[in-house]
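Notes follow once the structure below has been shown.
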Amino acid sequence: MSLSAPTAGGPAASAQRLAPVETPTQRVIREFSRSWLAMFGLVVLTMVVLVALGASVIAPQNPYDLMQLDILDSRLPPGSTSAAGMTYWLGTDEQGRDMLSGILYGLRISLGVGVASAVTAALVGATLGLVAAYAGGRIETAIMRVVDLQLSFPSILVALMILAFLGKGVINVVLALIIVEWAAYARTARGAALVERRKEYIEAAECLAIPRWRILFRHLLPNCLPPLIVIVTVQIARAIALEATLSFLGLGVPVTEPSLGMLIANGYQYMLSGKFWMSFYPGVALLITIVAINLVGDHLRDVLNPRSHS
């Protein structure tokens with residue numbers, strides 16, 4: 001009776017060959033579950049987004065509807081009750097607006113402005129960065145000199161000049177933030193694309209006479225996404241903070257659609273008179289949002305960094 005020879009590597013090697021391959025999404029989830037700080041930031045950020053999206057359902061008052069505001073209820077401290085029986089848990093501002101409702105609606109505007117500007121700036125900047133890295137020569141020089149010129153000016157100064165020319169408005173703020181942010185994406189995309197440009201799969205695609213636009217967006221862009229995803233999360237937090245600064249200076253969103261920065265600016269003049277809640281609570285909401293985004297972005301950078309898994 002003959003016995004068959006054991007397979008090379010033994011049972012451990014066979015089990016390793018049969019083990020399922022972990023997808024990038026599963027790896028990100030596994031890495032996030034290992035860090036309690038990242039999970040805390042993710043949970044807080046999820047709650048902030050859900051509260052902002054459901055502001056019209058959760059908020060006890062529509063702060064944009066002037067018919068619901070009563071000037072007699074202005075500057076009431078937290079926990080006060082109006083003549084109509086409504087309780088203002090976080091107090092009211094100088095217009096009689098419920099601060100809790102204003103914060104919920106302000107979160108939606110701040111997050112909307114931050115996400116819209118960051119994503120649009122990423123599309124513009126990544127496209128120009130990929131074109132610069134792939135084309136090279138004068139095209140790369142021209143694009144990168146514009147990027148260097150853009151990054152040489154302070155972001156707040158450029159945004160102030162743009163809004164001084166365009167005026168207030170949510171669309172104008174988003175446009176100003178796009179102009180301020182696109183250069184950072186272009187530099188990041190170019191740096192990642194220069195590394196991928198020298199690899200064999202790009203040369204193989206060029207030998208097959210694949211159109212350049214397809215090489216850029218179907219082959220080169222997917223391999224440059226990890227650093228771009230990280231910078232998007234960081235830039236969203238930066239855009240929210242910059243929008244709050246512009247609104248605080250009076251050049252952001254209009255008074256009829258207050259963001260968190262506008263709410264802070266409206267209550268700032270009452271800080272020394274003891275009515276701290278008009279600026280304090282919107283400031284706390286802004287701080288929690290930015291910290292949660294930064295916690296998620298920092299851990300996402302560590303997860304998507306290939307050197308940490310080498």
Can you get from [X] to [Y] by hopping between Ile, Leu, Val, Met, Phe, Trp and Tyr side chains that sit under 4.5 Å apart?
X: Met86; Y: Leu90; result: no
X: Leu287; Y: Leu295; result: yes
X: Leu249; Y: Val158; result: yes
X: Tyr270; Y: Phe248; result: yes
X: Ile171; Y: Ile109; result: no

Within the structure provided, determine whether [X] and [Y] are in side-chain contact (heavy-atom separation under 4.5 Å).
X: Trp89; Y: Pro60; answer: no
X: Leu123; Y: Trp182; answer: no
X: Asp93; Y: Met99; answer: yes
X: Glu203; Y: Tyr201; answer: no
X: Thr92; Y: Gln61; answer: no
X: Gln235; Y: Leu177; answer: no
X: Leu128; Y: Tyr185; answer: no
X: Leu130; Y: Leu221; answer: yes

Exercise. So Arg187 and Asp148, salt bridge (charged side-chain N to carboxylate O under 4.0 Å, His left out) or not? Walk me through it.
Worked result: CA-CA 9 Å; Arg187 174 171 288 183; Asp148 294 338; 2.5 Å; yes
For this session: Could you give me the CA-CA distance, side-chain angles and deciding distance for Leu251 and Leu160, then say whether side chain to side chain contact (heavy atoms under 4.5 Å, CB included) is met?
Result: CA-CA 7 Å; Leu251 290 175; Leu160 284 173; 3.4 Å; yes
For this session: Could you identify which residues cluster with Val43, counting Ile, Leu, Val, Met, Phe, Trp and Tyr as linked when any side-chain heavy atoms lie under 4.5 Å apart, either directly or through a chain of such contacts?
Result: Met47
With no hydrogens and no angle check, is any side-chain donor or acceptor of [X] less than 3.5 Å from a backbone partner on [Y]?
X: Ser279; Y: Tyr268; answer: yes
X: Asp73; Y: Leu69; answer: no
X: Trp277; Y: Leu76; answer: yes

Does atom [atom1] ([X]) have a neighbourhood of more than 12 heavy atoms from anything else shown, all under 6.0 Å?
X: Phe280; atom1: CZ; result: no
X: Leu157; atom1: CG; result: yes
X: Phe217; atom1: CZ; result: yes
X: Arg145; atom1: CZ; result: yes
X: Tyr64; atom1: OH; result: yes
X: Ile139; atom1: CD1; result: no

For this session: Kindly indicate, with the supporting measurements, whether the criterion side chain to side chain contact (heavy atoms under 4.5 Å, CB included) is fulfilled by Tyr105 and Asn62.
Result: CA-CA 8 Å; Tyr105 277 83; Asn62 184 0; 3.9 Å; yes
Pairwise distance [atom1]([X]) to [atom2]([Y]) - rounded to 0.5 angstrom:
X: Glu181; Y: Leu151; atom1: CD; atom2: CG; result: 11.5 Å
X: Leu53; Y: Ile58; atom1: CG; atom2: CD1; result: 9.0 Å
X: Ser74; Y: Lys275; atom1: OG; atom2: NZ; result: 9.0 Å
X: Leu260; Y: Leu111; atom1: CG; atom2: CG; result: 8.0 Å
X: Leu45; Y: Thr233; atom1: CG; atom2: OG1; result: 10.0 Å
X: Arg238; Y: Thr245; atom1: CZ; atom2: OG1; result: 10.0 Å

Return the minimal non-hydrogen interatomic distance between [X] and [Y], and the atom names on each side.
X: Gly125; Y: Ala189; result: O-CB, 4.5 Å
X: Asn172; Y: Leu166; result: ND2-O, 3.4 Å
X: Arg197; Y: Ile202; result: NH1-CG2, 3.8 Å
X: Ala239; Y: Gly114; result: CB-CA, 3.9 Å
X: Gly267; Y: Met278; result: CA-CB, 3.5 Å
X: Ala183; Y: Gln150; result: CB-CG, 3.5 Å

Exercise. Where do Glu140 and Arg190 land on the salt bridge (charged side-chain N to carboxylate O under 4.0 Å, His left out) test, with the steps shown first?
Worked result: CA-CA 9 Å; Glu140 181 182 13; Arg190 173 181 172 270; 2.8 Å; yes
Problem set entry | Verdict with supporting geometry, Ile210 and His219, side chain to side chain contact (heavy atoms under 4.5 Å, CB included) | CA-CA 10 Å; Ile210 297 177; His219 299 277; 4.1 Å; yes
Exercise. Please walk me through it: do Asn266 and Glu94 pass side chain to side chain contact (heavy atoms under 4.5 Å, CB included)?
Worked result: CA-CA 8 Å; Asn266 292 338; Glu94 75 279 2; 3.7 Å; yes
Problem set entry | Among Ile240, Ile236, Val174, the one residue meeting side-chain contact (heavy atoms from CB on, under 4.5 Å) with Val115 | Ile236
